[in-house]
Amino acid sequence: MVGEVGPKFSKKFLWGAATAAHQVEGGNHNQWTVWELENAKVRATQAEYHINDYASWDRIKKQAKNPNNYVSGILANHYERYEEDFDLLQKMHMNAYRFSIEWSRIEPECGVWNQEEIEHYKRYIDALKQRGIEPIVTLFHFSLPVWFAERGGFERRSNVKYFTRFAKKIVSELGLSVKYIITINEIEVYAVQSYWFQDWPPAVHSPYTFWRVINNLTYAHRQVAKSIHKVSRHYKVSIAKNSTYIYPGDNAWSSRASAAVMQYIADDYIVKKVIKHCDFLGVNYYQSQRVYGHRIHNPEDIVSDLDWPMTPGDIQYTVERLYRKYKKPIIITENGLADERDAKRQWWITQTLIGLQAAMKNGVKIDGYLHWSLIDNTEWSYGKWPRFGLASVNYATGERTLRPSALWFGRVIKKIRGI
Ligand code: FCB
């Protein structure tokens, strides 16, 4: 498989992994840390009836029922141990890394910049560059300063100016040391979890606010991208779009029509609003969805620890569709699975690379693949039990260990890159 995959990926292809500040750094103070402390007990109690039907339940229930699971705390302490983590990237022969800059560290109070934290991220980026690793910076990956959330966050159009100011500050401080910038991670996922399902802070159910937040975030992307491009065209800017391939499970007219409408709402409504201000398209792919009549139903029996049906090869159809429609080069900004036992990760990556290769053969321009995630982290409202890391983290000792699939993936990358 390695030999077959190899020749199609160019020398410049970005091979890497991704994280987000709140999920790995530890020691943050943002709207999530506040919410976690307030909700840990309830989440632990609710796990019993929310997720007890997961195939992994017997294995994970002890952790899922423990309130500590829901408090991020120090996590993997990536904030202090990042050099060690960058060594892991090197061990896997990777040349790219996606991470987010924690806004609450940089601007702890409205309009007050913390220069020490800015210096931290400069050292962080230097440490990547010294290792020959391309930094890919995310500006908003679900965590917000408490002051910003208290002012209504992205519910208010008038608050977007604060985000734009933060983005401008980061770009002026980092200068040309970075090239790839993701403005916002998964616009609709943030909006739906926070303003519809009530699973994430501020846990509100309001269809109107949900819709406002989506529109304010697409507006925020345009504002930020314009201001970054004004500084220099050196920067390559995009959102990270969560995309699932939605297709009819049978040939019924209703299944076909519903799948088309759902795909449009899930992808195109947002992408259309930002694509003119994207130099490439960042795509996060985790799953595909089959539609029967008006219902989504995925009867696969293979599921991840989070009970997500696994169809890694369908990434091909996702990228083919997005490329055909929007004609921007694609970087896979996230892709991976919760798999504590590392039973399926090698298979997942293999199927994914085969899918990407097939898409490339069909003319899709793909510039990079970033696996989610480099290390185990906290999976938002699920807490710490889902294990997405190429490296496992022992939360008691902080020790990282590359899982067997990661060692294998490293050998694949080495061979493909010819190094
Ligand atoms: C994506 C998020 C990322 C991570 C993965 C599993 O939706 O962007 O932070 O939680 O899912």
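Counting convention: from 1, in listed order, for ligands and their atoms alike. What you see is a predicted model, and the numbers here were worked out from it, not measured in a lab.
Close contacts between ligand 1 and His141 involve ligand atoms 2 (C), 3 (C), 8 (O), 9 (O) [criterion: under 4.0 Å to a heavy atom]. Ligand 1 places these atoms under 4.0 Å from at least one heavy atom of Glu379: 4 (C), 5 (C), 6 (C), 10 (O). Close contacts between ligand 1 and Phe388 involve ligand atoms 6 (C) [criterion: under 4.0 Å to a heavy atom].
At a threshold of 4.0 Å, the pair Asp339-Arg387 does not count as salt-bridged, since none of the basic side-chain nitrogens sits closer than that to a carboxylate oxygen. The pair Arg43-Glu36 does not count as a salt bridge, with every side-chain nitrogen at least 4.0 angstrom from each carboxylate oxygen.
Both tests hold for Arg157 against Tyr219: distance to the six-membered ring centre under 6.0 Å, angle to the ring axis within 45°.
Ring centroid separation for the pair Tyr369 and Phe13 does not come in under the 6.0 Å cut-off. Aromatic ring centres of Trp15 and His371: separated by at least 6.0 Å. Between Trp372 and Tyr286, the ring centre distance reaches or exceeds 6.0 Å.
The residue Asn242 has no part lying near ligand 1, judged by heavy-atom distances below 4.0 Å.
Considering each of Phe142, Tyr286, Trp308, the one bringing a non-hydrogen atom nearest atom 5 (C) of ligand 1 is Tyr286.
Residue, atom and distance of the protein heavy atom nearest to atom 3 (C) of ligand 1 are Glu334 OE1, 3.3 Å. Glu186 OE1, 2.4 Å is the protein heavy atom nearest to atom 7 (O) of ligand 1.
Of the polar atoms of Trp372, none of the N or O atoms is found under 3.5 Å from an N or O of ligand 1, judged by distance alone. Among the atoms of Gln23, some N or O lies under 3.5 angstrom from an N or O of ligand 1.
Using cut-offs of 30° and 60° for the angle between ring planes, the Phe140 and Phe142 rings count as perpendicular.
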